[in-house]
Amino acid sequence: MGEPIITVDQLTMAYGDFLIQRDLNFTINRGDIFIIMGGSGCGKSTLLMHLIGLQKPARGEILYGSRSLWKTNAEERQRIMRRIGVLFQSGALLSSMTLAENVALPIAEFTALSRTQIRRIVSYKLALVGLAGFEDYYPSEISGGMQKRAGLARAMALDPEILYFDEPSAGLDPISAKLLDDLIHSLRDSLGATIVMVTHELPSIFAIGTNSVFLDPETKTAIAAGPPRQLLAESKDPKVIRFLTRDDGSAEAAPGSDTAIAAGVTP
Amino acid sequence: MNPPPAPSSWRVESSQSGDLELALAGDWTTDSPAQADPKQALTEIRRHRESRRLRLTAPELGRWDSVLMIFLITVIDACRDDRREVDTLALPAGIRALLELAYAVPERAGARRGKIGSPWLANLGKSALRLWDDAKAFTGFLGEAALSFATLATGRARFRKIDLWLNIQECGPSAVPIVTLISLLVGLILAFVGAVQLALFGAQIYIADLVALGMLREMGALMTAIIMAGRTGAAFAAQLGTMNVNQEISALRVMGFAPLEFLVLPRMLALILVMPVLCLYANLLGIIGGGMITIGFFDVSVTQYLNRTQEAAHLTDLAVGLAKCTVFGVLIAIAGCMRGMQCGRSASAVGDAATSAVVTSIVLIVVSDSIITLICDRLGI
């Protein structure tokens, strides 16, 4: 794939004295759909907070291109943050604004476009996520799935190079989750964006993930990394296998099971 | 790092096959210096009435983002309205995919709606009706609260005793500093206002009457109530409102707890128990505040002030003040809890609930205060 866009170097995350994860090393390449996975409470969302600059690492570095996210001044960090868009778990739309106002907020703030153009961009972004015509609705008036898609429209408002998703399919029915996966996939293809996703939805992981890192809550570090299908086929770590096969004891449940069996995976 | 953007440009020309061609070139990004106007392109296209097909091409397209997309979408929408066919096959794959996505989910019929604006007369009518609905809701809530008190009296009310103590702690001791400050100052102000007039007649000694009666009958209760409305009433509304947003109240209902007993009862009980005590304290502080001025500035000795206060104030005056304060406590608790329980499911709704809890409490306090004062006057208390 493309050149490295985000490099995580010896990252250690902690809340005060409470260690979350230590010595994380991985690289996200341009055009990747990168999955951060692991069991509940392993620090997936905390890692996301570190990547998007909301939390400071206890030790180590996060590099965007060749620029450090933290060893730099606030202005430079702001410039890096402008290149990213984030979809929070429940959409995080501002409840006192309509969907159109929510999406328009970053556009009006950070570009010099005219009002007509902003209105057109807002309608276009909402149409992309399948919410054409819902401009004047308030977040409380639409369903959870629609809120999530509206949140995606806002995350994409400034055409970011990197899109972060926190549990995008949590709380969605399987069909909506599949549609969202498709949407993410085609956004990656057409926008040339890089996608970083925190999720433990196996269907999504196998369907669209091109690379991944697996965090373990017990050893408090990453115990596996690589394309998800390859992990399933080649990993020898029982924890990883149990996660990727939903603890079925076999690889039957997961796609690509034939390769898993061929590789001699045993429960 | 990037080279400066080349200006975006387009041109319309007819090809040999009779099709119209719209060719895009340059950089189409949000930071381009000049933004192309789709209206000009459309006028140009509409000039060629004879051709029914428009081919979109991008021979020298540089960088692009949403700006290009909205240009294309505006052109395509207009062409479809004109029943002109649009051919996008010559566009780069990324743009084609995005266009496909944008048109993938057709607008749901009836979903779109304009900004809702209604004439002022309709708004006036609506607010009048809302007032009526509010009154009904308040009465209903009052009734339910009374019923839950009845359950409490029979000893079958279900709430956690620790909640009651926590609420008492929150309403009472935590409010003491602000009550101290305000009542001391109110007593002080009362003394000053009276003193300026009374000193003209050399009747400074009667400042004690003014302060004692003013604090006991009126100001002690009123000031305590207003402090508690702003402090505790708003807190009740915000707590219950947030619980509603988080579906905690629904969870309680499902588990078989009546929210009114479990959440509202301990809060009301706490406020009703604490208010008279706070009021008593406020009365004392007010009299001390008045004394500080009278004794310090107007040649009245401590003994004189105390004697005069004792003669002027009767137990009835104290009782009237405490009774008022208890009524205010009930009203604040009901207004706060009711607004919290009625709260909508969003951050702004919680803010609205807290605001309207304070407004409702203060209106109720002042109105009921006037009514009680009138009644006392008629009865000669």
(request) Please step through salt bridge (Lys or Arg N to Asp or Glu O under 4.0 Å) for the pair B:Lys126 and B:Asp133, ending with a clear verdict. (result) CA-CA 10 Å; B:Lys126 271 186 200 145; B:Asp133 284 342; over 6 Å; no

(request) Using the salt bridge (Lys or Arg N to Asp or Glu O under 4.0 Å) rule, take B:Asp134 and B:Arg339 through it: C-alpha gap first, then chi angles, then the decisive distance, then the call. (result) CA-CA 10 Å; B:Asp134 256 8; B:Arg339 294 303 185 198; 3.1 Å; yes

(request) Just do the salt bridge (Lys or Arg N to Asp or Glu O under 4.0 Å) check on A:Glu161 and A:Arg30 with the steps written out, would you? (result) CA-CA 9 Å; A:Glu161 284 170 55; A:Arg30 193 176 289 280; 3.6 Å; yes

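Taking the side chain as every heavy atom from C-beta outward, A:Lys125 and A:Arg154 never approach each other to under 4.5 Å.
The greatest number of non-hydrogen atom pairs below 4.5 Å with chain B, out of A:Gly192, A:Ser123, A:Ser114, A:Ala127, is found for A:Ala127. Ranked by heavy-atom pairs under 4.5 Å with chain B, the first of A:Leu128, A:Leu94, A:Asp182 is A:Leu128. Ranked by heavy-atom pairs under 4.5 Å with chain A, the first of B:Thr74, B:Leu99, B:Ile95, B:Asp37 is B:Thr74. Contact count versus chain B (heavy atoms, under 4.5 Å) is highest, among A:Phe134, A:Phe110, A:Tyr138, A:Tyr137, for A:Tyr137. The greatest number of non-hydrogen atom pairs below 4.5 Å with chain A, out of B:Ala97, B:Ala102, B:Ser346, is found for B:Ala102.
In this structure, chain A has a heavy atom under 4.5 Å from the side chain of B:Ile73, while its backbone stays farther away. For a residue to count as touching a neighbouring chain, one of its non-hydrogen atoms must lie under 4.5 Å from one of that chain's; by this rule B:Ala347 touches chain A with backbone and side chain alike. Neither the backbone nor the side chain of B:Pro92 has a heavy atom closer than 4.5 Å to any heavy atom of chain A. With a threshold of 4.5 angstrom between heavy atoms, A:Glu135 approaches chain B through side-chain atoms but not through N, CA, C or O. Using a 4.5 Å cut-off between heavy atoms, A:Ser96 contacts chain B through both its backbone and its side chain.
Defined by atom type and a distance below 3.5 Å, a donor-acceptor pair is missing between the side-chain atoms of A:Glu75 and A:Asn73. Using modelled atom types and a 3.5 Å distance limit, the side chains of B:Asp65 and B:Thr30 yield a donor-acceptor pair.
Closest of all the heavy-atom pairs between B:Asp27 and B:Arg63 is OD1-N, 2.7 Å.
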